[in-house]
Protein chains: 2
Amino acid sequence: MALRHAVLAALLDGELSGYELAKAFDVGVANFWYAQPQQLYAELTRLEKAGLVVGREVVQETRPTKRLFHVTDAGLAELEDFAAASAKPSFVRDDLLVKVRAADHVDTAVLIEQLTERAAFAQAKIDLFGKLLRSMRGDRTEDEFLRHGDRIGPYLTGLRGLSFEQGNRDWCARTITVLRERQTVRARH
Amino acid sequence: MALRHAVLAALLDGELSGYELAKAFDVGVANFWYAQPQQLYAELTRLEKAGLVVGREVVQETRPTKRLFHVTDAGLAELEDFAAASAKPSFVRDDLLVKVRAADHVDTAVLIEQLTERAAFAQAKIDLFGKLLRSMRGDRTEDEFLRHGDRIGPYLTGLRGLSFEQGNRDWCARTITVLRERQTVRARH
DNA sequence: CCATGCTACTCATAAACATGACTAGTCACA
DNA sequence: TGTGACTAGTCATGTTTATGAGTAGCATGG
């Protein structure tokens, strides 16, 4: 029951349709969760059955009818309970790290390729988070916003997402450098 | 098929029993994967059936007989293929981030408690990684080791684990500060 | 001398997560 | 006028990951 709470948390600031939610999750909900649209629709159905969210139909003229969901009091209570329960330690699950761990036994060239790709991806995320954070805080400074703004939750998680991706980018760069250097050293023999 | 490759990568530098592997994974295999012993035993069985690892029985005098596993050529080939396949973007899946995302709607005190706990946990990991890295590079400097050492894979992933936990610790500290400040601001009203 | 904890596993089951395939109307663009 | 992309979903199935419970001998400490 983990996606469940991620969905609840995402629905906190305003009504969303399953489709909109799916887009938010595709971006990665500030990088700490990822899910396919189908999973979200299924989760929303479960949440509604459990009375933690309610949906209302919105008939649109030109587009398909959609259902907007919001969190109920029961849903909020559930989140409170969840927040109070002890959290599992976080983990990164990352194919790329598995590959690098095997670096001494697999082809260096493909690793460098993938690290380059990942660095670019991380940079794109960094830019995205930068924009998101700026738009959340408006013209205030970060400190100002964090002190007096309302809805700082998404901002705080955004900060973690940003620094995570900076960490990814920098580590990729470093790793690429190391692997390249070793390639040239070997080439000299 | 993800744990599968994590296990293969972990077995690369030497034979391990399921039990030893489990301990390595409990530490978090340099933080990029986590699994229960049962999962690992099951995975080892599957890997052996697939011919990617082989185990040999080691009868011990005072302790239960164990089976040490090592990667076969087929396993290495599998890892090569895996390394060449495009990786999914990494993600953090973290209950704590979900909770902080809901920070504006849940009890601040419990959040601060959990963030404090996590910060301590992160610090413990940082110390652990520090030790691991030092012991891997011996008396060489990091640059020296990375240039000329053999088996730099685990070292490189260790670096990522280290910086990830530093990011966690720093973010927890920052978030705690922010939440505390807001508490006192509110208390004044 | 008994409780606790470590080594070393197995078995069964449950929960969570991921995927492919499908419907069906609208819109923009060439 | 047809091609592809976007909105807004559903259904079914498969894979992966997680958990609880159990076995069994040896070691350590009070």
Side-chain angles (χ1 to χ4, degrees), chain A residues 1-8 15-29 32-50 53 55-69 82 85-95 98, chain B residues 1-8 15-26 28-29 32-50 53 55-69 82 85 87-95 98:
Chain A
M1 303 250 160
L3 177 58
R4 176 191 205 94
H5 298 108
V7 169
L8 278 175
E15 288 182 319
L16 288 177
S17 68
Y19 189 75
E20 288 159 344
L21 193 63
K23 277 196 294 190
F25 268 75
D26 193 38
V27 178
V29 182
F32 61 77
W33 212 277
Y34 171 83
Q36 300 297 126
Q38 297 99 310
Q39 299 179 54
L40 298 173
Y41 285 116
E43 198 57 53
L44 283 171
T45 307
R46 274 192 293 267
L47 283 168
E48 198 176 26
K49 264 186 200 147
V53 305
R56 61 184 184 91
E57 288 224 324
V58 174
V59 180
Q60 303 177 107
E61 280 180 24
T62 134
R63 295 181 181 175
T65 297
K66 64 179 173 182
R67 305 192 64 214
L68 293 180
F69 292 90
F82 171 66
S86 82
K88 298 170 192 170
S90 83
F91 47 82
V92 192
R93 264 194 190 170
D94 192 340
D95 283 1
V98 175
Chain B
M1 307 253 159
L3 176 58
R4 178 192 203 93
H5 299 108
V7 169
L8 278 176
E15 285 183 321
L16 288 177
S17 68
Y19 189 75
E20 288 159 343
L21 193 64
K23 278 196 294 187
F25 268 75
D26 192 39
V29 183
F32 61 78
W33 211 275
Y34 172 83
Q36 299 299 125
Q38 297 98 311
Q39 299 178 53
L40 298 173
Y41 285 115
E43 197 58 53
L44 283 172
T45 307
R46 274 191 293 267
L47 283 168
E48 197 176 27
K49 263 185 200 148
V53 305
R56 60 185 184 93
E57 289 223 325
V58 175
V59 180
Q60 304 177 107
E61 278 179 28
T62 136
R63 295 180 180 175
T65 297
K66 63 181 176 182
R67 303 192 63 215
L68 294 179
F69 293 90
F82 170 66
K88 298 170 190 170
S90 84
F91 47 82
V92 192
R93 265 195 187 166
D94 192 342
D95 282 2
V98 174

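Labels below follow one simple rule: chain letters A, B, ... track the order of the sequence lines, proteins then strands, and each chain is numbered from 1.
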Report the nucleotide, chosen from D:dT17, D:dC26, C:dC9, that has the shortest atom-to-atom distance to any side-chain atom of B:Ser17.
C:dC9

Please determine if a side-chain N or O atom of B:Thr62 lies less than 4.0 Å away from the OP1 or OP2 oxygen of D:dG25.
no

Hey, is the side chain of A:Lys23 poking within less than 4.0 Å of OP1 or OP2 on D:dA8, counting only N and O atoms?
no

Please give, in whole Å, the distance from D:dT16 C1' to B:Leu3 CG?
9 Å

Should B:Gln36 be listed as having a side-chain N or O under 4.0 Å from OP1 or OP2 of D:dT17?
no

What is the distance, rounded to the nearest whole Å, between atom CZ of B:Arg4 and atom P of D:dT16?
8 Å

Residue B:Pro64, side-chain atoms from C-beta onward, closest of C:dA18, C:dT7, D:dA18:
C:dT7

Which nucleotide in the list C:dT7, D:dT7, C:dC9 gets nearest to the side chain of A:Arg63?
D:dT7

Looking at B:Lys23 and B:Glu20, is any side-chain nitrogen of the basic one under 4.0 Å from a carboxylate oxygen of the acidic one?
no

Has the side chain of A:Gln38 got a donor or acceptor atom sitting under 3.5 Å from an opposite partner on the base of D:dG9?
no

Determine: side-chain N/O of A:Gln39 to OP1/OP2 of C:dA18, distance under 4.0 Å, yes or no.
yes

State whether the side chain of A:Glu43 and the backbone N or O of A:Leu3 hold a donor-acceptor pair below 3.5 Å, judged by distance alone.
no

Between D:dG9 and A:Tyr19, is there an OP1 or OP2 to side-chain N/O distance shorter than 4.0 Å?
no

